[in-house]
Amino acid sequence: MSGLHNGRDVFEYAVLRVVPRMERGELINAGVVLYCHARSLVAARTHLDEGRLRALDPTVDVAGVRAALNAVEGVCHGGPEAGQAAGDAAGRRFRWLVAPRSTVVQPGPVHTGLTTDAEAEVERLLDLLVR
């Protein structure tokens with residue numbers, strides 16, 4: 001799923017969702033993970049609205065949620081922050097991050113799009129889908 005289309009690169013993204021009480025199924029969007037093969041880019045941006053999160057669960061471990069979101073960003077950056085994924089290619093890190101999981105921070109479905117600036121696209125998606 002790579003290539004240039006009229007000067008635009010194909011990208012994939014997933015919204016990061018926080019599900020504080022899985023038995024209730026309620027969630028808030030808290031970030032975006034984006035992958036662009038043509039640019040070898042995997043990036044994440046997060047924004048946690050603590051008020052909305054506490055409205056779903058007043059007892060939620062906010063520090064734990066923040067740590068999980070920061071870990072996603074660390075895996076995207078690569079290097080020592082990525083832990084075991086440090087040596088993995090961008091696409092492999094993205095696939096690991098968007099794999100379904102039953103944790104408080106979960107990736108949503110993967111979507112695709114076209115962009116002329118993949119780095120700016122992750123910020124645009126964060127504004128559109130999270131903030």
Side-chain angles (χ1 to χ4, degrees):
M1 186 168 280
S2 65
L4 203 61
H5 302 275
N6 295 328
R8 298 181 296 173
D9 294 314
V10 174
F11 70 93
E12 299 173 74
Y13 73 94
V15 174
L16 297 173
R17 308 182 293 195
V18 179
V19 186
R21 294 179 57 193
M22 285 198 263
E23 70 276 9
R24 293 183 61 147
E26 299 168 330
L27 61 91
I28 64 165
N29 293 344
V32 177
V33 180
L34 179 138
Y35 170 59
C36 179
H37 177 79
R39 303 284 175 227
S40 295
L41 172 72
V42 62
R45 298 293 184 276
T46 62
H47 173 80
L48 183 61
D49 184 329
E50 286 187 33
R52 290 182 65 207
L53 182 58
R54 287 186 193 281
L56 295 181
D57 181 0
T59 66
V60 68
D61 177 7
V62 174
V65 170
R66 280 199 189 282
L69 292 170
N70 289 339
V72 170
E73 291 189 35
V75 169
C76 289
H77 293 298
E81 294 179 27
Q84 291 180 326
D88 290 346
R92 186 173 171 103
R93 283 182 280 145
F94 177 76
R95 297 282 170 245
W96 183 80
L97 289 169
V98 299
R101 51 184 46 96
S102 295
T103 59
V104 173
V105 175
Q106 302 177 6
V110 175
H111 304 281
T112 59
L114 295 170
T115 185
T116 57
D117 185 347
E119 298 217 11
E121 192 66 34
V122 71
E123 291 291 339
R124 186 188 77 77
L125 289 169
L126 184 71
D127 286 340
L128 180 68
L129 303 171
V130 178
R131 288 191 177 128

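None of the values given here were measured: they were computed from a predicted structure.
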Return the CE to CG distance between Met22 and Leu27, rounded to the nearest 0.5 Å. 12.0 Å

Should Leu97 and Pro107 count as side-chain neighbours, where that means a heavy-atom distance under 4.5 Å? no

Taking all non-hydrogen atoms of both residues, which atom of Arg17 and which atom of Pro109 are closest, and how far apart? NH1-CD, 4.1 Å

In short, Ala38 meets Asp9 closest at the heavy-atom pair CB-OD1, 3.5 Å

Taking Glu73 for its side chain and Asn70 for its backbone only, find out whether a donor-acceptor pair lies under 3.5 Å. no

If I compare all heavy atoms of Glu50 with all of Arg66, which pair ends up nearest, and what's the gap? OE2-NH2, 2.8 Å

For the CD atom of Glu12 and the CG atom of Leu34, what is their distance to the nearest 0.5 Å? 9.0 Å

What salt bridge (Lys or Arg N to Asp or Glu O under 4.0 Å) pairs are there with at least one residue in residues 109-121, not counting sequence neighbours? Glu121-Arg124

For residues Arg131 and Arg45, determine if any side-chain heavy atom of one lies less than 4.5 Å from a side-chain heavy atom of the other. no

Taking only residues two or more places apart in sequence or in another chain, which ones pass side chain to side chain donor-acceptor pair (under 3.5 Å) with Arg54? none

Are any of the side-chain heavy atoms of Val75 and Trp96 separated by less than 4.5 Å? yes

Using the side chain to side chain donor-acceptor pair (under 3.5 Å) criterion, which residues pair with Arg101? Sequence neighbours excluded. none

Kindly work out whether a path of hydrophobic side-chain contacts (I/L/V/M/F/W/Y, heavy atoms less than 4.5 Å apart) joins Ile28 to Val19. no

Any residue meeting side chain to side chain donor-acceptor pair (under 3.5 Å) with Arg21, in chain and number order, not counting sequence neighbours: Glu23

Please report the closest heavy-atom contact between Ala118 and Cys36, naming both atoms and the distance. CB-CB, 3.9 Å

ring-ring contact (aromatic ring centres under 6.0 Å, His included) involving His47 - partner list, sequence neighbours excluded: none

I need the minimum non-hydrogen distance between Pro20 and Glu26, along with the two atoms involved. CD-O, 3.7 Å

How are the rings of Phe94 and Tyr35 set to each other: parallel, tilted or perpendicular (split at 30° and 60°)? parallel

Can you list everything that forms a side chain to side chain contact (heavy atoms under 4.5 Å, CB included) with Val65? Sequence neighbours excluded, please. Val18, Leu48, Leu53, Val60, Leu69, Val104, Val105

Should Leu16 and Asn29 count as side-chain neighbours, where that means a heavy-atom distance under 4.5 Å? no

4.5 Å side-chain heavy-atom contact, Leu125 and Phe11: yes

Note: Ala43 and Val122 closest approach over all heavy atoms is O-CG2, 4.1 Å

